[in-house]
Amino acid sequence: MDYESYKDNLKRIADEINDTCARVNRNPKEITLIAVTKTVEVDTIRAFLEIGHTDFGESRPQELVKRNAVIAESINRHRKLAGLNPEQVTYLPRWHMIGRLQRNKVRQILPFVGYIHSVDSLRLAEEINTAAARLGLDHKVKVFLQVNVSQEKQKGGLAVGAVIPLADQIATLPNLEVVGLMTMAPHTEDTQKSSFCFGRLQEIFEEIKGENIIGPSFQHLSMGMSQDYIAAIEKGATMLRIGSAIFG
Ligand SMILES: *Cc1c(COP(=O)(O)O)cnc(C)c1O
């Protein structure tokens, strides 16, 4: 485990985010860096929390459940040891479910997940809506619609033409809040291809906003990974999902 190099990487990426924002005239505060922790130990998540990094992404629901339980337990123990009351909280994690989500896993993650980035069907949205009601959640579940802009067969996500019809339908579900759109660019070093893909998602985003299909909650673009986050920032990304550039 090499926390110091992880933290150095985090700092370097934060600097690059700032530089890119300055160049394209954006406010870096609009951008959340999600550390994708699927390849690292839970101790790394703890170490990041200690320095105030709170956004974490996982791609497998089971892993998310397990890790949340371990972290919650150690936060409680730490609070007791330190004699803290609940207002004097150390940093709490905000979990992002970024991978494929099967309907039968929805119930397990809903109680604690912050955002689900991978909604790509009405059936999944309906399952989330129903499960949220059953669990008696006191908040709406924040979701992204995942779009398969690059039309790669192996990728999850909606076809471009299916996004607006689905957004229309989901807007009627009371326990869900669509906060934005998510995509993965093709795996390539060709930044023009990634850039094109992100630009396309931005256009669809603006179209949905312009037609006011969803309302004020709709404000995010989840796009940009280790290889292509600079291009994503240039096209308006507000949530970057970065794993290997931090953790190697
Ligand atoms: C793994 C993963 C990432 C992070 O990928 P890196 O290339 O390691 O930054 C981002 N988004 C999703 C959906 C992932 O599964």
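Start at 1 and go down the list; that is how both ligands and their atoms are numbered. Starting from 1, each residue takes its place in the sequence as its number.
- Within ligand 1, counting atoms from 1 as listed, the ones closer than 4.0 Å to a heavy atom of I242 are 9 (O).
- Atom 6 (P) of ligand 1 has its closest protein heavy atom at S226 OG, 3.4 Å.
- Under the 3.5 Å distance criterion, with hydrogens and angles disregarded, a donor-acceptor pair is assigned to the side chains of K105 and Q102.
- Side-chain atoms of N68 never come within 3.5 Å of backbone atoms of L64 as a donor-acceptor pair (strictly under, hydrogens ignored).
- Closest to atom 11 (N) of ligand 1, if we only count protein heavy atoms, is R241 NE, 2.9 Å.
- Of the N or O atoms in S244, one or more lie within a sub-3.5 Å distance of an N or O in ligand 1.
- At the shortest separation from atom 5 (O) of ligand 1 among protein heavy atoms lies M225 CE, 3.5 Å.
- Side-chain atoms of K155 come within 3.5 Å of backbone atoms of A185 as a donor-acceptor pair (strictly under, hydrogens ignored).
- Remark: minimum distance from atom 1 (C) of ligand 1 to any protein heavy atom is reached at K38 NZ, 1.4 Å.
- Residues P111 and L137 approach most closely at CA-CD2, 4.2 Å, considering heavy atoms.
- Close N/O approach between Q227 and ligand 1 is not found [any backbone or side-chain N/O within under 3.5 Å].
- Between G243 and ligand 1, an N or O atom pair is found at a separation short of 3.5 Å.
- Ring-plane geometry between W95 and F56 is classed as tilted, the angle between the planes lying from 30 to 60 degrees on a 0 to 90 degree scale.
- In this structure, the ring of F48 has its center no less than 6.0 angstrom from the ring center of Y91.
- R26 places a side-chain N or O within 3.5 Å of a backbone atom of A237 that can act as its donor or acceptor partner.
- The closest protein non-hydrogen atom to atom 13 (C) of ligand 1 is I98 O, 3.4 Å.
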